[in-house]
S.K.: 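The structure is given below, and queries will be raised subsequently.
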Amino acid sequence: MTRIKITLNGQELTADFNNSDTAKELMSRMPLSVKMMNLYSREMTYRFPNALPAKKAKTDGYEVGDIGYWKPLHSLVIFYKQTGEIIDQLQIVGHITDNINFFKSIGDSIIEFKLEK
């Protein structure tokens, strides 16, 4: 696991990224600052213009705090609310270890991801 610092709206969060090909590609792009959309009242999403590698993408559920990559629309996703949905072609890349309830009350936001030193 690799520790990642996530910053938005003056808040700092900590996440642990796994060793998947997708997580490694994301980490190689850090520091990464993207405008994420608040979608479906459950997730923050950014769509990359091009696909990332995702050899372990599968149909699966998620946990609150999971950071994933949704292969069909090249989407980086932070899940902040559980709806019980099973998602096709999802690659989990990490998990936020802090409380993320505040995501429920924010709109689209610039979010920065960087490797923790």
Side-chain angles (χ1 to χ4, degrees):
M1 293 287 196
T2 301
R3 182 89 8 131
I4 304 297
K5 189 66 70 180
I6 301 169
T7 307
L8 72 147
N9 300 340
Q11 298 256 62
E12 276 198 356
L13 304 170
T14 301
D16 291 319
F17 269 38
N18 61 36
N19 235 0
S20 68
D21 56 340
T22 312
K24 287 177 183 177
E25 175 62 28
L26 285 166
M27 289 185 286
S28 77
R29 297 175 182 217
M30 293 180 187
L32 176 67
S33 185
V34 293
K35 184 173 184 179
M36 297 188 84
M37 302 174 285
N38 193 329
L39 291 178
Y40 316 120
S41 298
R42 75 158 185 228
E43 67 191 53
M44 299 298 289
T45 301
Y46 171 75
R47 293 188 177 125
F48 288 99
N50 299 305
L52 302 182
K55 294 177 187 168
K56 295 182 181 181
K58 60 184 179 178
T59 300
D60 207 353
Y62 63 89
E63 295 179 20
V64 170
D66 277 351
I67 300 171
Y69 175 72
W70 188 54
K71 195 173 176 180
L73 288 178
H74 321 303
S75 301
L76 175 63
V77 181
I78 298 172
F79 294 102
Y80 64 81
K81 180 181 176 187
Q82 182 57 257
T83 63
E85 185 173 357
I86 302 299
I87 301 172
D88 189 39
Q89 298 186 56
L90 178 66
Q91 170 73 53
I92 300 299
V93 298
H95 187 82
I96 297 172
T97 57
D98 300 299
N99 185 324
I100 59 171
N101 283 331
F102 70 91
F103 277 110
K104 295 175 185 176
S105 62
I106 66 171
D108 298 354
S109 298
I110 302 292
I111 300 179
E112 182 179 34
F113 298 82
K114 62 183 175 181
L115 296 168
E116 187 174 84
K117 295 183 182 193

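Just so it is clear, the structure is predicted and the values come from calculations on it, not from any experiment. Heavy atoms only: backbone and side chains are in, while hydrogens, waters and symmetry mates are out.
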S.K.: Just verifying a value: how many Å separate Thr2 OG1 and Met30 CE, rounded to the nearest 0.5 Å?
M.R.: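 If we round to the nearest 0.5 Å, Thr2:OG1 and Met30:CE are 9.0 Å apart.
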S.K.: I'd like to know if the side chain of Gln89 reaches the main chain of Ala57, judged simply by a donor and an acceptor atom lying under 3.5 Å from each other, with no hydrogens or angles considered.
M.R.: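 No; judged by distance alone, with no hydrogens or angles, the pair does not exist.
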S.K.: Any chance you could measure Met27, atom CE, to Asn19, atom CG, to the nearest 0.5 Å?
M.R.: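 The CG atom of Asn19 is 6.5 Å from CE of Met27, to the nearest 0.5 Å.
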S.K.: Is Thr97 reaching over with its side chain to a backbone N or O of Thr14, donor-acceptor style, under 3.5 angstrom?
M.R.: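 Yes, the answer is positive, given that a donor and an acceptor are paired below the 3.5 Å cut-off.
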S.K.: With hydrophobic residues grouped by side-chain heavy-atom distances under 4.5 Å, do Ile110 and Ile78 end up in a single group?
M.R.: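 They do not share one cluster, since no chain of ILVMFWY contacts under 4.5 Å joins Ile110 to Ile78.
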S.K.: Any sub-3.5 Å donor-acceptor pair from Asn9's side-chain atoms to Gln11's backbone N or O?
M.R.: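 No; zero donor-acceptor contacts below 3.5 Å.
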S.K.: Checking Asp108 side chain against Asn38 main chain: does a donor-acceptor pair fall under 3.5 Å?
M.R.: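 Flag set: sc Asp108 to bb Asn38 pair under 3.5 Å.
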S.K.: Are Ile100 and Met37 in one and the same hydrophobic cluster, where Ile, Leu, Val, Met, Phe, Trp and Tyr link if side-chain heavy atoms are under 4.5 Å apart?
M.R.: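 Each belongs to a different hydrophobic cluster.
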S.K.: Do Tyr40 and Thr45 make a side-chain contact, defined as non-hydrogen atoms from C-beta onward lying under 4.5 Å apart?
M.R.: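 A side-chain contact under 4.5 Å is absent here.
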S.K.: Are Phe102 and Ile96 grouped together when hydrophobic residues (ILVMFWY) are joined by side-chain heavy atoms under 4.5 angstrom apart?
M.R.: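 Yes, because Phe102 and Ile96 connect within a single hydrophobic cluster, where side-chain heavy atoms sit under 4.5 Å apart.
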S.K.: Do Gln91 and Lys71 touch side chain to side chain, with heavy atoms closer than 4.5 Å?
M.R.: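 Contact flag for Gln91/Lys71 side chains = no.
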S.K.: Please check if Ile67 and Met1 belong to a single hydrophobic cluster, counting links between Ile, Leu, Val, Met, Phe, Trp and Tyr side chain heavy atoms closer than 4.5 Å.
M.R.: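 In one cluster: no.
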S.K.: Taking Thr22 for the side chain and Pro53 for the main chain, is one N or O donor matched with an acceptor at less than 3.5 Å?
M.R.: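 Yes; judged by distance alone, with no hydrogens or angles, the pair exists.
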S.K.: Return yes if some donor-acceptor pair links the side-chain N/O of Asp21 with the main-chain N/O of Lys55 below 3.5 Å, else return no.
M.R.: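 Looks like yes, one N/O pair under 3.5 Å.
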S.K.: To check you understand the geometry: which heavy-atom pair defines the closest contact between His74 and Pro49, and what is its length?
M.R.: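 His74 and Pro49 have their closest heavy atoms at CD2-O, 4.1 Å.
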S.K.: Between CD of Glu116 and CD1 of Ile4, what distance do you get to the nearest 0.5 Å?
M.R.: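 Separation between the atoms: 8.5 Å.
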S.K.: How about Phe113 and Leu26: do any of their side-chain heavy atoms sit closer than 4.5 Å?
M.R.: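 They are not in side-chain contact.
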S.K.: Working to the nearest 0.5 Å, report the span between CD of Glu43 and NZ of Lys81.
M.R.: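 Output value for this atom pair is 12.0 Å.
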S.K.: Measure across Tyr69 and Ala51 and return the closest heavy-atom pair with its distance rounded to 0.1 Å.
M.R.: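 Result for this residue pair: OH-CA, 3.5 Å.
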S.K.: Minimum heavy-atom separation for Glu12 to Thr7, with atom names?
M.R.: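 What the structure gives for the nearest pair is CG-OG1, 3.9 Å.
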S.K.: Report the relative orientation of the aromatic rings in Phe103 and Tyr80; use parallel for angles under 30°, tilted for 30 to 60°, perpendicular for over 60°.
M.R.: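 It falls in the parallel class, under 30°.
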S.K.: Using a 4.5 Å cut-off on heavy atoms from C-beta on, say whether the side chain of Phe48 contacts that of Glu25.
M.R.: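 In short, these two side chains do not touch, never coming nearer than 4.5 Å.
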S.K.: Tell me who clusters with Tyr62, hydrophobic residues only, linked when side chains sit under 4.5 Å apart either directly or through other members.
M.R.: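 So far as hydrophobic clustering goes, Tyr62 is joined with Trp70, Leu73, Val77, Phe79, Ile87, Leu90, Ile92.
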S.K.: Set out, in order, the CA-CA distance, both residues' side-chain angles and the distance that settles side-chain contact (heavy atoms from CB on, under 4.5 Å) for Ser109 and Met36, then state yes or no.
M.R.: CA-CA 5 Å; Ser109 298; Met36 297 188 84; 5.9 Å; no
S.K.: Is the shortest side-chain heavy-atom distance between Leu13 and Leu8 below 4.5 Å?
M.R.: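 Yes, their side chains come closer than 4.5 Å.
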S.K.: Taking all non-hydrogen atoms of both residues, which atom of Pro72 and which atom of Asp88 are closest, and how far apart?
M.R.: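 Closest approach of Pro72 to Asp88, heavy atoms only: CD-O, 4.4 Å.
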S.K.: What's the shortest heavy-atom distance between Met44 and Gly107, and which atoms?
M.R.: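 Looking at all heavy atoms of both residues, the shortest contact is CE-O, 3.6 Å.
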S.K.: Could you pull out the closest heavy-atom pair between His95 and Val64, with the gap in Å?
M.R.: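 Scanning both residues, the minimum pair turns out to be CE1-O, 3.0 Å.
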S.K.: Looking at Lys56, I'd like to know if its NZ atom is crowded, meaning that more than 12 non-hydrogen atoms belonging to other residues, nucleotides or ligands lie closer than 6.0 Å.
M.R.: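 Incorrect, the count does not exceed 12.
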